[in-house]
Visitor: 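Please read through the structure below; I'll follow up with questions.
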Amino acid sequence: MSYTQSGVALDPMDPERVDLFWVCRQWAKAFKPYFEETKLDRTSQRYLGALQLDMYFRMFEILIPTSSSQNETIYDDFIQHFRYIVSSSRHLIERSKTREGLIGPKVQFGMGLIMPLYITAIKCRDYSLRREAIALLQNSPCRNGVWDSVIVAKVAAWVVTIEEDGWDYDGCVPEELRIRGGSLTFYIRSGWVIVNCLQGLVSTFGRLRKRTADLSIS
């Protein structure tokens, strides 16, 4: 079975992911009346919480149909989703700063904003959007479980640098320059972030390149 997003047929999904996709759609349908009600006061805690839930739904709409694809350009069909994630995150961060009036790194409970912004930064190849996602991670230091916004911003910025190296900024980043989905891993060791990934075309023999980096945390 294929999933269609905005009239564009994406990669076929296995039955388990099809079921998960439709469960998410059913949740969104049930959630919509409540979300619309909260919009009457866009400064309320109810609205901010509902906005975060809706943003995560958009992220799942991206991840479910793309999770097994070997084609990185599949993410280009979700530009409006990425734009929504960035604008929603910006609003949530601004409201959080206004409400808390705190300075310095913060701890986020629940789902937080780090993962959606990180996914946007590494998977959205729109020049401006991915940079704004990185800027939000860098300029609003926070932690959510094992996620640290400053560290993932460093990783994302490195990904952007190597993907756009040699690109003339005309249109989207070519498939052969993109980092392959599940190959990107990183871990922390002695004040450094060790990053590993593969870059290139999966379908072309010999075109995959291993890329590594040691990024200073300080």
Side-chain angles (χ1 to χ4, degrees), residues 5 24 28 35 42 45 47-67 69 72-100 102-164 172-173 178-188 193 195 197 213 215-217:
Q5 168 67 27
C24 287
F35 188 34
R42 294 178 182 253
Q45 284 293 102
Y47 170 71
L48 298 178
L51 179 62
Q52 187 173 5
L53 284 173
D54 192 57
M55 181 182 66
Y56 263 80
F57 167 69
R58 304 298 179 94
M59 184 182 72
F60 290 140
E61 275 201 314
I62 298 170
L63 296 180
I64 293 172
T66 61
S67 59
S69 176
E72 283 293 310
T73 53
I74 192 174
Y75 292 96
D76 297 348
D77 293 316
F78 294 92
I79 186 68
Q80 296 304 324
H81 284 59
F82 288 125
R83 184 170 286 114
Y84 183 80
I85 288 172
V86 170
S87 64
S88 298
S89 296
R90 187 194 317 116
H91 179 77
L92 288 165
I93 289 171
E94 289 172 354
R95 292 304 306 171
S96 175
K97 289 180 177 179
T98 301
R99 186 173 63 253
E100 296 174 3
L102 300 176
I103 299 176
K106 302 173 180 63
V107 177
Q108 292 182 352
F109 297 97
M111 297 179 293
L113 304 177
I114 300 176
M115 183 185 295
L117 288 172
Y118 174 67
I119 295 297
T120 299
I122 65 173
K123 294 300 184 184
C124 174
R125 273 69 180 205
D126 179 88
Y127 182 90
S128 299
L129 277 179
R130 70 191 322 194
R131 282 166 171 77
E132 185 171 0
I134 292 172
L136 289 171
L137 289 167
Q138 291 173 329
N139 298 333
S140 303
C142 58
R143 297 183 181 90
N144 180 245
V146 298
W147 292 83
D148 184 300
S149 67
V150 174
I151 290 176
V152 300
K154 286 180 179 290
V155 174
W158 177 77
V159 168
V160 170
T161 298
I162 64 172
E163 282 195 339
E164 296 183 359
C172 292
V173 176
R178 301 189 183 199
I179 298 304
R180 310 317 308 170
S183 71
L184 179 60
T185 61
F186 63 91
Y187 61 92
I188 301 172
V193 184
V195 190
C197 66
L215 309 175
S216 174
I217 294 179

Visitor: To the nearest 0.5 angstrom, please state how far the CD1 atom of Ile119 sits from the OG1 atom of Thr66.
Guide: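 Answer rounded to 0.5 Å: 8.5 Å.
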Visitor: Tell me, please, which residues at least two apart from Asp148 pass salt bridge (Lys or Arg N to Asp or Glu O under 4.0 Å).
Guide: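 For Asp148 the salt bridge (Lys or Arg N to Asp or Glu O under 4.0 Å) partners, ignoring immediate neighbours, are Arg143.
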Visitor: Is there any ring pair (Phe, Tyr, Trp, His ring centres under 6.0 Å) pair reaching into residues 124-144, and which pairs are they, with sequence neighbours excluded?
Guide: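 Counting only pairs at least two positions apart or across chains, the ring pair (Phe, Tyr, Trp, His ring centres under 6.0 Å) contacts touching residues 124-144 are Tyr127-Tyr169.
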Visitor: Are the side chains of Ile64 and Cys24 in touch, meaning some heavy atoms are under 4.5 Å apart?
Guide: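 Yes - at least one pair of side-chain heavy atoms lies under 4.5 Å apart.
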Visitor: How close do Thr120 and Val86 get, counting heavy atoms only, and between which atoms?
Guide: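 Minimum heavy-atom separation between Thr120 and Val86: CG2-CG2, 3.8 Å.
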Visitor: Between atom CG of Leu48 and atom CG of Leu53, what is the distance when rounded to the nearest 0.5 Å?
Guide: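 That separation rounds to 11.5 Å.
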Visitor: If you compare all heavy atoms of Tyr75 against all heavy atoms of Phe82, which two are closest, and at what distance to 0.1 Å?
Guide: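 Closest pair (atom of Tyr75, atom of Phe82, distance): O-CE1, 3.5 Å.
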Visitor: Which atom pair, heavy atoms only, marks the closest approach of Ser149 to Ile114?
Guide: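 The pair with the smallest heavy-atom distance is N-CD1, 3.7 Å.
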Visitor: Got a sec, which residues hit side chain to side chain donor-acceptor pair (under 3.5 Å) with Tyr118, two or more places apart in sequence or on another chain?
Guide: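 Checked Tyr118 against side chain to side chain donor-acceptor pair (under 3.5 Å); zero matches.
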Visitor: Of the non-hydrogen atoms in Arg42 and His91, which two are nearest, and what is the gap between them?
Guide: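 Here Arg42 and His91 meet closest at O-NE2, 3.5 Å.
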Visitor: By side-chain contact (heavy atoms from CB on, under 4.5 Å), which residues pair with Gln138, not counting sequence neighbours?
Guide: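 So Gln138 forms a side-chain contact (heavy atoms from CB on, under 4.5 Å) with Ile134, Ala153.
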Visitor: When you measure from the side chain of Ser88 to the backbone N and O of Ile85, does any donor-acceptor pair fall under 3.5 Å?
Guide: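 Not confirmed, Ser88 side chain does not pair with Ile85 backbone.
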Visitor: Return the set of residues passing side chain to side chain donor-acceptor pair (under 3.5 Å) with Asp126 (not counting sequence neighbours), or none when no residue passes.
Guide: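 If we apply the side chain to side chain donor-acceptor pair (under 3.5 Å) test to Asp126, skipping adjacent residues, there are no hits.
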Visitor: Could you tell me the separation between the CZ atom of Arg83 and the OG atom of Ser128, rounded to the nearest 0.5 Å?
Guide: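 So the CZ of Arg83 and the OG of Ser128 are separated by 9.0 Å.
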Visitor: Locate the shortest heavy-atom distance separating Ile217 from Ile151; write the atom from each residue and the value.
Guide: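 Shortest heavy-atom contact: CD1-CD1, 4.3 Å.
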Visitor: Looking at every non-hydrogen atom in both residues, tell me the closest pair between Thr73 and Arg178 and how far apart they are.
Guide: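 Thr73 and Arg178 have their closest heavy atoms at CA-NH1, 3.4 Å.
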Visitor: Within this structure, what is the CZ-CD distance for the pair Phe78 and Glu61, rounded to the nearest 0.5 Å?
Guide: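 Output value for this atom pair is 7.5 Å.
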Visitor: Taking atom CG of Leu117 and atom CG of Leu137, what is their separation to the nearest 0.5 Å?
Guide: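 Answer for the CG-CG pair, Leu117 versus Leu137, is 4.5 Å.
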Visitor: Among residues at least two apart in sequence or on other chains, which ones pass ring pair (Phe, Tyr, Trp, His ring centres under 6.0 Å) with Phe186?
Guide: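 Counting only residues at least two positions away or on another chain, Phe186 forms no ring pair (Phe, Tyr, Trp, His ring centres under 6.0 Å).
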Visitor: Step by step, work out the side chain to side chain contact (heavy atoms under 4.5 Å, CB included) result for Phe35 and Leu51.
Guide: CA-CA 8 Å; Phe35 188 34; Leu51 179 62; 4.0 Å; yes
Visitor: Among all residues two or more places apart in sequence or in another chain, which pass the side chain to side chain donor-acceptor pair (under 3.5 Å) test with Ser216?
Guide: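 Result, side chain to side chain donor-acceptor pair (under 3.5 Å) vs Ser216: Ser218.
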Visitor: Out of curiosity, Leu129 CG to Gln80 CD, how far, rounded to the nearest 0.5 Å?
Guide: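 Result: 9.0 Å between the selected atoms.
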Visitor: So do Tyr84 and Asp54 actually touch side chain to side chain, heavy atoms under 4.5 Å?
Guide: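 A side-chain contact under 4.5 Å exists here.
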Visitor: Under a 3.5 Å distance rule, please check whether Glu163 uses its side chain to pair with a backbone N or O of Ile179 as donor and acceptor.
Guide: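 Side chain of Glu163 to backbone of Ile179: a pair is present.
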Visitor: Quick one: does Arg130's side chain have a donor or acceptor within less than 3.5 Å of a partner on Cys124's backbone?
Guide: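 Present.
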Visitor: Between Ser89 and Met55, is the side chain to side chain contact (heavy atoms under 4.5 Å, CB included) condition met? List the steps.
Guide: CA-CA 8 Å; Ser89 296; Met55 181 182 66; 3.3 Å; yes
Visitor: Thinking salt bridges, do Asp76 and Lys123 make one under a 4.0 Å N-O criterion?
Guide: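 Salt bridge absent between Asp76 and Lys123.
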Visitor: Going by salt bridge (Lys or Arg N to Asp or Glu O under 4.0 Å), name the residues that satisfy it together with Arg131, two or more places apart in sequence or in a different chain.
Guide: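 Checked Arg131 against salt bridge (Lys or Arg N to Asp or Glu O under 4.0 Å); matches are Glu164.
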Visitor: Who pairs with Ser67 by side chain to side chain donor-acceptor pair (under 3.5 Å), at least two apart in sequence or on another chain?
Guide: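 Only Arg17 meet the side chain to side chain donor-acceptor pair (under 3.5 Å) criterion with Ser67.
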Visitor: Using the test ring pair (Phe, Tyr, Trp, His ring centres under 6.0 Å), find all partners of Phe60 that sit at least two apart in sequence or belong to another chain.
Guide: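 So Phe60 forms no ring pair (Phe, Tyr, Trp, His ring centres under 6.0 Å) with any residue.
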Visitor: Of all residues at least two apart in sequence or in a different chain, which pass the salt bridge (Lys or Arg N to Asp or Glu O under 4.0 Å) check with Arg90?
Guide: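 Applying salt bridge (Lys or Arg N to Asp or Glu O under 4.0 Å) to Arg90 gives Glu132.
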